[in-house]
Every structure is written in C-alpha cells, then in structure tokens.
Amino acid sequence: MTLRRGEKTTISIQEHMAIDVCPGPIKPIKQISDYFPRFPRGLPTAVSRTDSLQAGGSQASVSPSDPPRDDEEDVDQLFGAYGPSPTRQRQPPPRPGGGKPEEDIDGEGYESDDCTALGTLDFSLLYDQENNALHCTISKAKGLKPMDHNGLADPYVKLHLLPGASKANKLRTKTLRNTLNPTWNETLTYYGITDEDMIRKTLRISVCDEDKFRHNEFIGETRIPLKKLKPNQTKTFSICLEKQLPVDKTEDKSLEERGRILISLKYSSQKQGLLVGIVRCAHLAAMDANGYSDPYVKIYLKPDVDKKSKHKTAVKKKTLNPEFNEEFCYEIKHGDLAKKTLEVTVWDYDIGKSNDFIGGVVLGINAKGERLKHWFDCLKNKDKKIERWHTLTNELPGAVLSD
C-alpha cells in the first residue's frame, strides 16, 4: 500500500487488539477444574505458593537445576492446580474426627457423619386402648436426600409392624412430587392392636422415593418400639432418618399370624336370638399372587343339626384389611347358648378353583382366654353389644373341612 507524503499509517482495531493482546504464541485457555483439584477426581495435589516463594514477600528464588517458571505457573500453584513440587507435596488437611479426606466421599453412596444427611421426619403416635387402634400421624419431612436427576424427590411414607408379614400390615401416605421438604399431615390407623402388641411389636417408618419407570427407591427409615407409648397419650417425634436396617430373619415362626377379626356379640331379648356382627378384619395373610386376598367370612353355630346355621359375608376384592359391617341373627333361647360354639372362618375367594382358608377362631365354653371371656360377657350382659378383636389361627375348626 502506497502512502502520500504527510499521511500516517492507520491500523484497524482488529490489528491493534491482535498486536496488544496476542504478542506471542496463543496458549490454551485454562479450565475451571484446573483451579479446583476436586473436580475431576485424580488430579495431583498442588504445592502452595509458599513452597516456592521466600518468606517476607521477596522474589522467588530459582535454583539452577529448576526450570524457569512464568507468572501463569505461579498463579496455578497459588490456586492449587496441577504440577507437583519437585521437592515435596502438601497433603490435604485431615477432616475433623480423623476420617477420610473429603475428596474420597462417594457422591452416590451419600455417606456422612451428619445425622441429617438423609433428612428428618416429624410424626406423632397415639394408642387408642379402648378401640384397639394405633393412630400414626405423618406430619412432614425436611432436608430429604435428593433422588432424582432434577435434584429433588417424589417422597411418600410407608409403615410396617414388626414382626409380621409386610404386605398384611403395610400402610402408606400419598406421594408428593418434586420436593425435599414434603408436608403430608396424614393419619394412618392400625386396627386390632392389643396390649400384647404394644409390648412386643415395633413400628417401622420408611421414607421412599416413587419412580414411575423403575423400582421405588429407599431414602431412610426409623423404628419405634410400641412399648414406648402410653395408652391414650399422643407422643410427638422429630427423628433423623437412618439407613436401611436389616430385618431379623430368625424371628420365631410362632409369632406369625393369619390376621385379626373384630366380632360383636349381643343377645337380643326382643328378637330372642344371638346377633353376631362381623365388623372388619386386619392384617390378613396374602393368598393371591398379587400380594393380596379377596376375603369373605363364614360363621356357624355348632352343633348344627339342621345344617342351617351357615352365614356368609360379601367378598371384598384385593384387600388385606376388609370392612364388612354385616350382622347375622340366630334364633335361640338364651339358656341354650351355653351349649353352643360359634365358629368363624375367613376365606380367600378364587374363581375356578377351591377357595383358600386364611384363618379362623372359635368362641364358646370350650375356648380359652379372650375368646372364652368374650362369650361369657355376652351371656351375662343381655341386650348389650360387646366387640372384641380376636387373632386368627391357621388351624381349621374341626367340623369345617372345606368351603
């Protein structure tokens, strides 16, 4: 390009920037991870600037054997990036309590000494002794462990009574979406809970994450021995969730139950008969492949010479805690009841094959314990309805050989 006399050379802004900013070879831009050795894992631990700088703010002294370092290398060392010292490496500071360095924590395992790593759960328990009911009010959870890719969870709470079959006594809350601080305020109730249960059973409360496309994931749990509760007094808990605890596989098999049934008895002077009410069942044994049963109840008043004492309730589909609320009447003189026995059996209804026996109970003068007491209380208190829970046994009453 030719210039006229007196004209000055003009330089474009692009050329000017190239001259000022890039006076030499272009170096690769450093990554953020170069200044934070935790990410990615595996980068060597850096030496602090004090290893290469003299104390008192003097300039760095370079030994003849050390290669020269420019200012950018000093910056890298100052921020703890790559480049081990030729003399020694500084170890990462120990964690409080002498544990492993923080870098060794597995994010997937989510291990922490902090009891709130899995979250906390607020709930209350009330044992209604008169109605044989355990009311569990699930209030809220805080700081749950994230389970989904969006950093949140879809939590719900489920309850089990131990020892016992999980399906038979499982209760659960609704699922709340995309939250780590859910508020349920739901009350779940176990019926048929006796004083004996309160002594020997434990309530297991688990918080889980619901997943539509995979198996639901466990977040944390807590266990409350029911003997800690006082009858008719609400006790409130705020507890840190724990990792899943193993279930004792060596539990006494004699503790296994077939379920409970709530029966009402009343001798009506007006009707001159015995009124038998089948109110409900609880924690029935699962007989079908889907983990449930289709239960119904049959009752007999024995001896039954005319074969007319059989009564049946309706079938309740796919449940282990059915409510029947059905009442049957046997016309009989009050004086003859002392010679009678009431047989109650619970069955699982099946289409196209024999129905499955779930469990039974016998009330009468030959019974024992609560079953005998229930019968005598009925005989002594005319026109008074008396309700009692009874434990079903897997022993079929002798006279009932099949459905």
Q.
Please evaluate residues R214 and D211 with respect to the criterion salt bridge (Lys or Arg N to Asp or Glu O under 4.0 Å), reporting the C-alpha separation (whole Å), side-chain torsions for both, the decisive distance (0.1 Å), and the verdict.
A. CA-CA 5 Å; R214 296 180 298 173; D211 198 315; 3.3 Å; yes

Q. Could you go step by step and tell me if V344 and I261 meet the side-chain contact (heavy atoms from CB on, under 4.5 Å) rule?
A. CA-CA 9 Å; V344 182; I261 186 169; 3.7 Å; yes

When you compare the side chain of [Y] with that of [X], does any pair of heavy atoms fall below 4.5 Å?
{"X": "L342", "Y": "V276", "answer": "yes"}
{"X": "I299", "Y": "E343", "answer": "no"}
{"X": "N216", "Y": "M147", "answer": "no"}
{"X": "L176", "Y": "Y156", "answer": "no"}
{"X": "L171", "Y": "K158", "answer": "no"}
{"X": "L203", "Y": "L226", "answer": "yes"}
{"X": "E323", "Y": "V279", "answer": "no"}
{"X": "L152", "Y": "T179", "answer": "no"}

So how far is it from [X] [atom1] to [Y] [atom2], rounded to the nearest 0.5 Å?
{"X": "K384", "Y": "C378", "atom1": "NZ", "atom2": "SG", "answer": "11.0 Å"}
{"X": "T175", "Y": "D209", "atom1": "OG1", "atom2": "CG", "answer": "9.0 Å"}
{"X": "K266", "Y": "E327", "atom1": "NZ", "atom2": "CD", "answer": "7.5 Å"}
{"X": "W347", "Y": "N355", "atom1": "CH2", "atom2": "CG", "answer": "7.5 Å"}
{"X": "L118", "Y": "L121", "atom1": "CG", "atom2": "CG", "answer": "12.0 Å"}
{"X": "N132", "Y": "M198", "atom1": "CG", "atom2": "CE", "answer": "10.5 Å"}

Electrostatic pair [X]-[Y], nearest N-O below 4.0 angstrom:
{"X": "K271", "Y": "E331", "value": "no"}
{"X": "K227", "Y": "D195", "value": "no"}
{"X": "D377", "Y": "R388", "value": "yes"}

**Q.** Residue pair D348, D288: steps toward the side-chain contact (heavy atoms from CB on, under 4.5 Å) verdict
**A.** CA-CA 8 Å; D348 169 55; D288 296 337; 2.8 Å; yes

Side-chain ([X]) to main-chain ([Y]) donor-acceptor, under 3.5 angstrom:
{"X": "E387", "Y": "L262", "answer": "no"}
{"X": "Q244", "Y": "F218", "answer": "no"}
{"X": "S293", "Y": "L320", "answer": "no"}
{"X": "D294", "Y": "K318", "answer": "yes"}
{"X": "W184", "Y": "K174", "answer": "yes"}
{"X": "Y292", "Y": "M287", "answer": "no"}
{"X": "H334", "Y": "S269", "answer": "no"}
{"X": "S124", "Y": "T236", "answer": "no"}

Do you know which two heavy atoms are closest between [X] and [Y], and how far apart they sit?
{"X": "L180", "Y": "A153", "answer": "CD2-N, 3.8 Å"}
{"X": "F324", "Y": "K316", "answer": "CE2-CG, 3.6 Å"}
{"X": "G192", "Y": "D197", "answer": "O-OD2, 3.6 Å"}
{"X": "A282", "Y": "N321", "answer": "CA-OD1, 3.4 Å"}
{"X": "I358", "Y": "A285", "answer": "CG2-N, 4.1 Å"}
{"X": "L301", "Y": "K340", "answer": "CD1-CB, 3.9 Å"}

Q. Given D383 and Y267, is the side-chain contact (heavy atoms from CB on, under 4.5 Å) satisfied, shown in steps?
A. CA-CA 5 Å; D383 301 311; Y267 185 81; 5.7 Å; no

Q: Return the orientation label for the Y349 and Y296 ring planes: parallel under 30°, perpendicular over 60°, tilted otherwise.
A: perpendicular

(Q) Can you classify the ring geometry of F237 versus F123 as parallel (below 30°), tilted (30 to 60°) or perpendicular (above 60°)? (A) parallel

Q: For T189 and H135, test the side chains for any donor-to-acceptor distance below 3.5 angstrom and give the result as yes or no.
A: yes

**Q.** Full working for salt bridge (Lys or Arg N to Asp or Glu O under 4.0 Å) between R172 and E210
**A.** CA-CA 12 Å; R172 63 163 286 175; E210 184 176 291; 3.3 Å; yes

**Q.** Distance under 6.0 Å and angle within 45° of ring axis: K302 vs Y300
**A.** yes

Q. Is the Lys NZ or Arg CZ of R280 less than 6.0 Å from the centre of Y191's six-membered ring, within 45° of the axis?
A. yes

Q.
Measuring centre to centre across the rings, with the benzene-like ring taken for any Trp, is Y330 within less than 6.0 Å of H311?
A. yes

Q. Taking it one step at a time, do L363 and L265 satisfy side-chain contact (heavy atoms from CB on, under 4.5 Å)?
A. CA-CA 10 Å; L363 308 179; L265 297 178; 4.0 Å; yes

Q.
Tell me every residue that passes side-chain contact (heavy atoms from CB on, under 4.5 Å) with N131, counting only those two or more places apart in sequence or in another chain.
A. D128

Q: Please step through salt bridge (Lys or Arg N to Asp or Glu O under 4.0 Å) for the pair E221 and R204, ending with a clear verdict.
A: CA-CA 7 Å; E221 72 169 42; R204 178 189 182 191; 2.8 Å; yes

